[in-house]
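Take a look at the structure below.
Within every chain, numbering begins at 1; the chains are lettered A, B, ... in the order of the sequence lines, protein sequences first and strands thereafter.
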2 protein chains.
Amino acid sequence: MANKHVKEMEALREHLGKHQLKLTRQRELILSAFLRQEHITAEAMYHQLAKSDPHLGLATIYRTLNLFCDAGLAQARHFGSQTKYDNVSHKGHHDHLICTGCEKIVEFENEEIERLQEEVATQNGFTIKTHRLELYGLCSRCRH
Amino acid sequence: MANKHVKEMEALREHLGKHQLKLTRQRELILSAFLRQEHITAEAMYHQLAKSDPHLGLATIYRTLNLFCDAGLAQARHFGSQTKYDNVSHKGHHDHLICTGCEKIVEFENEEIERLQEEVATQNGFTIKTHRLELYGLCSRCRH
DNA sequence: ATCATTTTGAGAGAGTTTATCAATTTCAAT
DNA sequence: ATTGAAATTGATAAACTCTCTCAAAATGAT
């Protein structure tokens with residue numbers, strides 16, 4: 001299980017080293033669990049990990065997920081009242097199709113859209129660092 | 001000032017009428033203030049209106065802005081921990097360029113991007129209801 | 001003007017995320 | 001392997017944003 005995520009583990013180590021931070025049991029555990037998901041909230045991860053490690057604090061989950069964001073492994077997305085953390089380590093940037101019926105999330109990438117975004121930004125004198133694109137609607141199953 | 005926003009006022013009246021809701025002094029006041037802004041949080045509007053009407057409650061601002069959303073005059077957008085309400089009454093749908101340096105927000109529309117979004121949705125069996133596209137970066141002034 | 005219904009204001013309450021801090025763990029230097 | 005300075009953790013309090021509650025006030029159809 002651990003050897004599955006060597007690359008991400010290495011990326012975390014590198015970030016820690018650069019910022020005089022330490023590698024802890026909790027950080028390894030949370031990274032491993034995080035990489036098994038596509039999108040997860042801190043709360044959900046807390047409950048999930050409580051089974052194997054009942055004393056892992058919620059604050060630690062939040063701190064660690066934010067650390068992953070700093071390290072470029074995760075990306076936070078705010079949905080209404082909750083924040084979901086996306087795994088962006090192993091794949092490139094991606095956008096989301098979200099079904100408002102069943103909450104299903106489909107990821108997609110579209111080169112052409114990305115290119116047009118750059119174009120719009122340039123026209124307005126902006127240099128884009130990141131972006132978010134979310135399409136909300138009904139999936140084929142929920143349309144009925 | 002009031003006669004500037006006759007159309008929106010009429011739209012609100014129509015919504016109220018259809019849902020057996022009442023037109024109050026507060027709703028008029030908040031609508032008038034809301035239409036003078038592009039993007040505003042409930043909290044900011046609360047402080048802004050406190051000067052002229054110290055007893056206007058925060059809950060009323062929230063209730064009223066949500067009412068405007070129902071009426072199609074406003075649209076809520078979640079940014080990190082805060083919710084901004086956009087004025088969408090007088091213009092069509094638009095997306096945002098956001099400067100992470102000075103918080104400036106530039107609106108834009110791009111037909112081609114919208115078309116490609118539809119295409120992606122169709123490919124995945126989705127029917128889009130709404131979307132949000134936000135580009136984050138630095139404006140020309142903040143790049144230095 | 002009357003009165004059923006809706007709305008308001010003020011504060012309590014709910015939900016999510018961050019701050020605090022003593023105790024513990026990490027890791028570089030012995 | 002041991003030490004010790006520095007970082008981290010867990011538990012809880014606190015902060016923050018937004019909604020709920022409910023008595024008092026306002027609205028608008030009659």
Side-chain angles (χ1 to χ4, degrees), chain A residues 9 12-34 39-71 74-86, chain B residues 9 12-34 39-71 74-86:
Chain A
M9 192 63 204
L12 176 60
R13 268 207 169 79
E14 192 180 320
H15 178 83
L16 295 175
K18 274 185 188 157
H19 298 79
Q20 46 198 123
L21 303 174
K22 294 172 177 177
L23 181 61
T24 63
R25 185 179 62 78
Q26 290 88 341
R27 284 176 178 167
E28 282 190 286
L29 179 67
I30 295 172
L31 178 60
S32 167
F34 173 67
H39 315 278
I40 194 162
T41 63
E43 189 73 26
M45 181 163 277
Y46 177 62
H47 286 114
Q48 185 177 304
L49 292 178
K51 295 164 194 163
S52 51
D53 197 335
H55 290 294
L56 218 173
L58 180 57
T60 300
I61 309 268
Y62 274 107
R63 281 187 290 232
T64 306
L65 288 174
N66 287 332
L67 169 70
F68 293 170
C69 289
D70 293 342
Q75 196 169 297
R77 256 173 336 103
H78 304 279
F79 268 119
S81 63
Q82 53 183 194
T83 300
K84 291 195 173 179
Y85 293 83
D86 291 359
Chain B
M9 192 63 203
L12 176 60
R13 269 208 167 78
E14 192 179 319
H15 178 84
L16 296 174
K18 274 184 189 159
H19 299 79
Q20 45 198 123
L21 303 174
K22 293 173 177 177
L23 180 61
T24 64
R25 183 179 63 77
Q26 289 87 342
R27 284 174 178 168
E28 282 190 285
L29 179 68
I30 295 171
L31 178 59
S32 167
F34 173 67
H39 315 278
I40 194 162
T41 62
E43 190 73 28
M45 181 166 275
Y46 178 63
H47 286 115
Q48 186 177 305
L49 292 179
K51 294 165 195 163
S52 52
D53 198 335
H55 290 295
L56 217 173
L58 180 57
T60 300
I61 309 267
Y62 274 106
R63 282 187 291 233
T64 305
L65 288 173
N66 287 332
L67 170 70
F68 292 169
C69 289
D70 293 342
Q75 196 169 298
R77 256 171 337 106
H78 304 279
F79 268 118
S81 63
Q82 54 184 195
T83 301
K84 290 195 174 179
Y85 292 84
D86 291 359

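Rounded to whole angstrom, the span from the CD1 atom of B/Ile30 across to the C1' atom of C/dT7 amounts to 11 Å. If you measure from atom CD of A/Gln82 to atom C1' of D/dC16, you get 17 Å, rounded to the nearest angstrom. Atom CG in B/Leu21 sits about 20 Å away from atom P in C/dA4, given to the nearest Å. When rounded to the nearest whole Å, the span between CG of A/Leu58 and P of C/dT16 equals 10 Å. Here the C1' atom of nucleotide C/dT18 and the OH atom of A/Tyr46 are 15 Å apart, to the nearest Å. Atoms NE2 (A/His55) and C1' (C/dT25) sit 16 Å apart, rounded to a whole Å. B/Tyr62 has its OH atom 18 Å from the P atom of D/dT21, to the nearest Å. Atom CG of A/Leu16 and atom C1' of D/dT8 are 12 Å apart (whole Å).
Side-chain nitrogen and oxygen atoms of B/Gln26 include none within less than 4.0 Å of the OP1 or OP2 phosphate oxygen of C/dT7. Under 4.0 angstrom from either OP1 or OP2 of D/dT17 there lies no side-chain N or O belonging to B/Thr83. Contact annotation: A/Thr24 reaches the phosphate of D/dT9 (side-chain N/O to OP1 or OP2, under 4.0 Å).
Of the candidates D/dT19, C/dT8, C/dT6, D/dT19 carries the atom nearest the B/Asn66 side chain, counting heavy atoms from C-beta on. Distance from the side chain of B/Lys22 is smallest for D/dT27 among the nucleotides D/dT17, D/dA5, D/dT27. Looking at the side chain of B/Arg27, the nearest of the listed nucleotides D/dA11, D/dT17, C/dT7 is C/dT7. Distances from the side chain of B/Leu23 to the nucleotides D/dA11, D/dG28, D/dT17 place D/dG28 closest.
When all heavy atoms of B/Leu49 and B/Ala33 are compared, the closest pair comes out as CD2-CB, 3.7 Å. Shortest non-hydrogen contact noted between B/His39 and B/Lys84 is CB-CD, 4.3 Å.
Between A/Pro54 and B/Arg25, the residue whose closest nucleotide on DNA chain D is further toward the 5' end is A/Pro54.
Residue-level contact check: B/Gln20 touches the backbone only, with heavy atoms under 4.0 Å from sugar-phosphate atoms and none from bases.
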